[in-house]
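A, B, ... follow the sequence lines: proteins, then strands. Residue 1 opens every chain.
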2 protein chains.
Amino acid sequence: MVVARPRIKDVARHAGVSEKTVSNVINDYVHVSDRTRRAVREAIDHLGYRVNLAGRHLRTGRSGVIALVVPELDVPYFAELARHVIRAAEQCSLTVLVHQSGGDRGHELAALSGFGSDFVDGIILSPLALTSDDLRERAGAPPTVLLGELLEEGADHVAIDNEQAAREATEHLIALGRRNILVIGGRDAPGLGTAEARTRGYRAALSAAGIAYDAAALLPVAAFRMPDGADAVTRALRDGARPDALLCLNDQLALGALRALYEHGVRVPEDVAVMGFDDVEGGRYSVPTLSTVAPDKAAVATSAVHLLRHRIDEANRPPDGGDVTAAAPLSPQDRVVAHRLVLRESTEGARH
Amino acid sequence: MVVARPRIKDVARHAGVSEKTVSNVINDYVHVSDRTRRAVREAIDHLGYRVNLAGRHLRTGRSGVIALVVPELDVPYFAELARHVIRAAEQCSLTVLVHQSGGDRGHELAALSGFGSDFVDGIILSPLALTSDDLRERAGAPPTVLLGELLEEGADHVAIDNEQAAREATEHLIALGRRNILVIGGRDAPGLGTAEARTRGYRAALSAAGIAYDAAALLPVAAFRMPDGADAVTRALRDGARPDALLCLNDQLALGALRALYEHGVRVPEDVAVMGFDDVEGGRYSVPTLSTVAPDKAAVATSAVHLLRHRIDEANRPPDGGDVTAAAPLSPQDRVVAHRLVLRESTEGARH
DNA sequence: CAGGCGTTGTACATCGTTGTAAAAACATGG
DNA sequence: CCATGTTTTTACAACGATGTACAACGCCTG
């Protein structure tokens, strides 16, 4: 026969105290004598009690679950990021629910306001299709941290300095003597996304080096995945482009590009140097290995999680009894995380 | 000012009915007159009501959340699988919590019995380190579906026919005239894991072709990732092995192996043919592209989710009033999902 | 030793929903 | 018009935990 799981009342009875006292012990309330604390702990261990999260959730309004919303989990960058986020959340006693938006605005919106609001304590969102307007109207939504370029003033976000990173990457290519640099995934809109920021960095580097900028160097892509990178390169070559370098706005595009270049008999890096972004594992084992901009993914994840944790606690503090010492609600945070250039064969060639 | 979210009682008041009636409408209870049903629907829309999952969870004991437990999310196979599982779960109105076990038995055990039991309605577990004993003792755990080789009789599980798949892959290599086939990640234990099953298939193919089996052909790895594949190959070559084919027990090992072979100036497939397992996207763009065993991942995911959904509903049905028509509890299911060989450059060479 | 204060412990109500059981409303047939 | 059966609706009590408010206790001080 299956023994029913013990409840707080069973522990209370077993320890000879009230239910509330057990609750106090569980929640590390200060004013509990060592004697009773020990007794309760013992009862808990003895019965194998563990709190029922449904009850706690209903009572406290917090579930201990946060949502991570990414476009696609099978894009390695997001998978690696998710891994770090889950790890970091664990440290903060949070559990992570992973959602995929498919880069779809509807899904992202739903994530932002909808499904979560009574189930999830907070949201970490890596937006692809959202606009600033969407963000502005998120009333009643749980605390949210955005990953990637800042879309809207009032929101917390965590990212590397994409413009600067792209500039450094481009400067590296220029330093190699390359002048005709195509940008796979580049976008010259005034927009606020990551692609736009990286494109700005590219232009800044060109301009600083006195190289003319040609909008035709930006090759748009439907998605940031390998097939798109391969297609873009194939199309460009067929259209007569003769680049001596590619700045690919993520590693998936770059890996697809490497493949397409190989198929066209173009040597990397001799004929064309290739840079990516993200430093995914695949780029460390490709042929040739891929030079890339490596964001500190662990730092992105921990920053986002800690920031979110802070917001959650903040939102849950008693409605401020005018206590002057109480920390004022934190102003919107822009956390910039470190990145570095990782130079490998696709720009520097094999070591001898 | 923020308006508090409406509760069921607000809807009830607004529609002029009892709370229970609202609940009945929400849950599509049959005996509600069309008139009241409409009125309640209208009130719901008008107030923008949405059920509070905490309350429902506490009352019903079900959260609508299932856990997916994989060793590491940044192994592309698991990321791709997770994507499919999340999709499939969505179809069944289930939400997915992703856990990473790190291939650690402790974590897997915790997943199996611990954290979930009052929070998660069911578990999909891709075990790496669990033993049959661990599985047998999962009392009081929520319904569980295992992915991968069957570890224990009483458990539901979903997998491809790993032994057969490995046999086909090996036969393909043999048909190419290869005789000296190393198995990266091979394991000859009597064990029950996926690696063991694939190794059996390899041996069966050798034996059928009259090729002698040498246990030294099995190259153990610490993990099933690119570095391990590269290391294994490097070590083997240094030790004087001169294989003409590699059967890598997953694509990550294979991609690592490709890189190592390249570094040693070994041509693929001319000198050494390489096969992997899983058909991850990386293998479609590697140089050379990777021949592999492609499991129907979407089918694995949907089978697992549907099976789990079934178990959850089953576990929640009223304790059977002797109704003869009630479906008997399903016996443990072994679902075998289709796979196929995908032949690419790493065994067949480039097309001309 | 009364009075005051800070520490420990408890009774009770409550979070939002749904199952139970029974009442109310409605139909049907004699 | 009443007995009978079938819908439709409702009151009430849970589910398990914790916040509030207060009682009990010990200790110190005057």
Residue pair [X] / [Y], side-chain heavy-atom distance below 4.5 Å:
X         : Y         : value
Ile66(B)  : Ile312(B) : yes
Leu147(A) : Leu81(A)  : yes
Thr95(A)  : His99(B)  : yes

[N] [atom2] sits how many Å from [X] [atom1], rounded?
X         : N       : atom1 : atom2 : value
Arg62(A)  : dG16(D) : CZ    : C1'   : 17 Å
Arg7(A)   : dA17(D) : CZ    : C1'   : 11 Å
Phe119(B) : dA17(D) : CZ    : P     : 15 Å
Arg5(A)   : dA17(D) : CZ    : C1'   : 12 Å
Glu19(A)  : dC15(D) : CD    : C1'   : 13 Å
Ile8(A)   : dT18(D) : CD1   : C1'   : 8 Å
Arg59(B)  : dA17(D) : CZ    : C1'   : 16 Å
Leu58(B)  : dA17(D) : CG    : P     : 9 Å

Arg56(A): which residues meet the side chain to side chain donor-acceptor pair (under 3.5 Å) condition with it, sequence neighbours left out? none

Mind checking Thr21(A) for me? I need base, sugar-phosphate or nothing, with any heavy atom below 4.0 Å counting as a touch. base

Could you please spell out the steps behind the side chain to side chain contact (heavy atoms under 4.5 Å, CB included) verdict for Val98(A) and Ile86(B)? CA-CA 8 Å; Val98(A) 180; Ile86(B) 293 174; 4.2 Å; yes

Quick one: do Asp10(A) and Arg13(A) make a salt bridge, cutoff under 4.0 Å? yes

Residues of residues 27-40 of chain A with any non-hydrogen atom less than 4.0 angstrom from an atom of DNA chain D: list those, numerically ordered, please. Asn27(A)

Taking Asp74(B) for its side chain and Ala79(A) for its backbone only, find out whether a donor-acceptor pair lies under 3.5 Å. no

Are His14(B) and His46(B) an aromatic pair, judged by ring center distance below 6.0 Å? yes

Tested for side-chain contact (heavy atoms from CB on, under 4.5 Å) against Ile124(B), the lone hit among Val69(B), Thr144(B), Val305(B) is Val305(B)

Give the first and the last nucleotide of DNA chain C, reading 5' to 3', that has any atom under 4.0 Å from a heavy atom of chain B. dG16(C) to dT20(C)

Gly55(B) or Val17(B): which one's nearest nucleotide on DNA chain D is closer to the 5' end? Val17(B)

Below the 4.0 Å mark, does dA17(D) have OP1 or OP2 next to a side-chain nitrogen or oxygen of Ser23(A)? no

